[in-house]
Amino acid sequence: MTGTRKDRSRSFGSQAAAYERGRPSYPPEAIDWLLPGHAHTVLDLGAGTGKLTTRLVERGLEVIAVDPIAEMLEVLSSALPDTPALSGTAEEIPLPDASVDAVLVAQAWHWFDPARAVPEIARVLRPGGRLGLVWNTRDDRSGWVRALDEIIGHEDARTLLDAGVALPAPFTDIATRRVEWTNYLTPQALIDLVASRSYCITSPGAVRTQTLDRVRRLLATHPALAGATGLALPYITVGMRATLAETGRHPTHGDRTEV
């Protein structure tokens, strides 16, 4: 892989449109499991182009989106003009103390610094609030998905999940859940999916072109894909949820900018 971890985490802006076209959403049962029953105000942290934000708004929730990449937030705001979209990071969240019922993080926890993000998330959550993490990972039990993985490599999310995710105090009642589902997309959307991956974005131009050409050859030659106008890409969505202890909020260090 090329580029530092920080470079890759901030690289998505140049491919925001491809990200929106190619990346999957999240299965409804996974989202419902992450949300607490009392949730009214929800922070989508690391919201990107709004893949999860849209699903939360559809549920009638009051949603605030936060992301550090302006181009991603522009795509989100064009689709959800009434949803607050704020520039910020998990380590410096631009919200007041105890201002949200839940913080959801979709496909982004592996970019955070947990030592700084955990107390900051605890700061903006109300006591008894919920932290929910979710990742889509490709199900490589399908032959053509294994062939795709040989071209584009291991997912950052899968690497993190294989190593294990720990949520320290003040979070309790930690639980995990897996949901298997299938995303249906066009061949071009698969190319967009690959083009929007951080390692591809930060690769030298020749390497990036070679990678996308190999994906096109896979689409043209693999028996399960050749000639297809629609693809079925299986996913395993992994969710983790935890509750902020009633006395677990860290002492305030100054409210952030209010919405």
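On a predicted model such as this, the values are computed, not experimentally measured, just so you know.
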Original post:
How far apart are the closest heavy atoms of V66 and P94, and which atoms are they?
Top reply: CG1-CD, 4.0 Å
Original post:
How close do A108 and G46 get, heavy atom to heavy atom, and via which atoms?
Top reply: CB-O, 4.2 Å
Original post:
If you group Ile, Leu, Val, Met, Phe, Trp and Tyr by side-chain heavy-atom gaps below 4.5 Å, do V103 and V165 land in one group?
Top reply: yes
Original post:
Can you check whether T243 reaches F171 side chain to side chain, under 4.5 Å on heavy atoms?
Top reply: no
Subject >> Spacing of CD belonging to E150 relative to CG belonging to L218, to within rounding of 0.5 Å >> reply: 9.5 Å
Original post:
Just wondering, do F112 and L45 contact through their side chains at under 4.5 Å, heavy atoms?
Top reply: yes
Subject >> Main-chain N/O of P24 paired to K51 side chain as donor or acceptor, under 3.5 Å >> reply: no
**OP:** May I have the step-by-step check of side chain to side chain contact (heavy atoms under 4.5 Å, CB included) for L231 and L190, ending in yes or no?
**Re:** CA-CA 8 Å; L231 313 177; L190 182 67; 3.9 Å; yes
Subject >> Closest non-hydrogen atom pair, P234 against V145 >> reply: CD-CG2, 3.8 Å
Original post:
Do you reckon L244 sits in the same ILVMFWY cluster as L34, going by side-chain contacts under 4.5 Å, direct or chained?
Top reply: no
Subject >> Test item: T49 side-chain N/O and L76 main-chain N/O as donor-acceptor pair under 3.5 Å >> reply: no
Original post:
Same hydrophobic cluster for L167 and W33, using side-chain heavy-atom links shorter than 4.5 Å among ILVMFWY?
Top reply: no
Original post:
Can R146 and D140 be counted as an ion pair, charged N to O under 4.0 angstrom?
Top reply: no
Original post:
What heavy-atom pair brings S78 and P81 nearest, and what distance separates the two atoms?
Top reply: O-CD, 4.2 Å
**OP:** Keeping the roles fixed (side chain from S196, backbone from D192), state whether a donor-acceptor pair exists under 3.5 Å.
**Re:** yes
Original post:
Would you say the side chain of D32 lies within less than 4.5 Å of the side chain of E29, judging by non-hydrogen atoms?
Top reply: no
Original post:
Is any side-chain heavy atom of V238 less than 4.5 Å from a side-chain heavy atom of V134?
Top reply: no
Subject >> CG on L86 to CG on D44, rounded to 0.5 Å >> reply: 11.5 Å
Subject >> Salt bridge present between D149 and R138 (N-O < 4.0 angstrom) >> reply: yes
Subject >> L61 to A39 - nearest heavy-atom pair and separation >> reply: CD2-O, 3.4 Å
Subject >> Connected via hydrophobic side-chain network under 4.5 Å: L73 and L80 >> reply: no
Original post:
Does R55 reach the side chain of S25, with side-chain heavy atoms less than 4.5 Å apart?
Top reply: yes
**OP:** Find out if a path of hydrophobic residues (ILVMFWY) with successive side-chain heavy-atom gaps under 4.5 Å connects W135 to I121.
**Re:** yes
Subject >> Spacing of CZ belonging to R126 relative to CG belonging to D97, to within rounding of 0.5 Å >> reply: 11.5 Å
Subject >> Side-chain heavy-atom pair Y235, D139 within 4.5 angstrom cut-off >> reply: no
**OP:** Pick out which of I93, L104, V63 makes a side chain to side chain contact (heavy atoms under 4.5 Å, CB included) with L43.
**Re:** I93
Original post:
Where the side chain of R197 meets the backbone of L193, is there a donor-acceptor pair that is under 3.5 Å apart?
Top reply: no
Subject >> Backbone of A195 reached by a side-chain donor or acceptor of R208 within 3.5 Å >> reply: yes
**OP:** Rounded to the nearest 0.5 Å, what's the gap from CG on L233 to OG1 on T182? Could you check?
**Re:** 8.0 Å
Subject >> Residue from I152, V194, I151 passing side chain to side chain contact (heavy atoms under 4.5 Å, CB included) with R214 >> reply: I151
Subject >> T209 side chain to A206 backbone, donor-acceptor under 3.5 Å >> reply: no
**OP:** Not counting sequence neighbours, which residues clear ring pair (Phe, Tyr, Trp, His ring centres under 6.0 Å) with W144? List them please.
**Re:** none
Subject >> Flag for T237-R178: side-chain donor and acceptor within less than 3.5 Å >> reply: no
Original post:
Are any non-hydrogen side-chain atoms of R116 and E120 less than 4.5 angstrom apart?
Top reply: no
Original post:
Looking at side-chain heavy atoms only, is the closest gap between V42 and D101 below 4.5 Å?
Top reply: no
Original post:
Could D173 and R241 be called an ion pair, given the rule that one side-chain N must be under 4.0 Å from one carboxylate O?
Top reply: no
Subject >> Main-chain N/O of G48 paired to D67 side chain as donor or acceptor, under 3.5 Å >> reply: yes
Subject >> Rounded distance (nearest 0.5 Å) linking atom CD1 of I64 with atom OG1 of T83 >> reply: 10.0 Å
Original post:
Between E180 and R141, is there a salt bridge with N-O shorter than 4.0 Å?
Top reply: yes
Original post:
Distance-only, no hydrogens or angles: does the S77 side chain make a donor-acceptor pair with backbone N or O of E74 under 3.5 Å?
Top reply: no
Original post:
Say you draw a straight line from OH of Y26 to CD1 of I31; how long is it, rounded to the nearest 0.5 Å?
Top reply: 9.0 Å
Subject >> Check against side chain to side chain contact (heavy atoms under 4.5 Å, CB included), D213 and Q210 >> reply: CA-CA 5 Å; D213 284 346; Q210 182 183 54; 5.7 Å; no
Subject >> Expected output: side-chain Q107 to main-chain N136 donor-acceptor under 3.5 Å >> reply: yes
Original post:
Between V118 and A169, what is the shortest heavy-atom contact and its length?
Top reply: CG1-O, 4.2 Å
**OP:** Using atom types as modelled and distance alone, determine if a side-chain donor or acceptor of R130 lies under 3.5 Å from a backbone N or O of L125.
**Re:** no
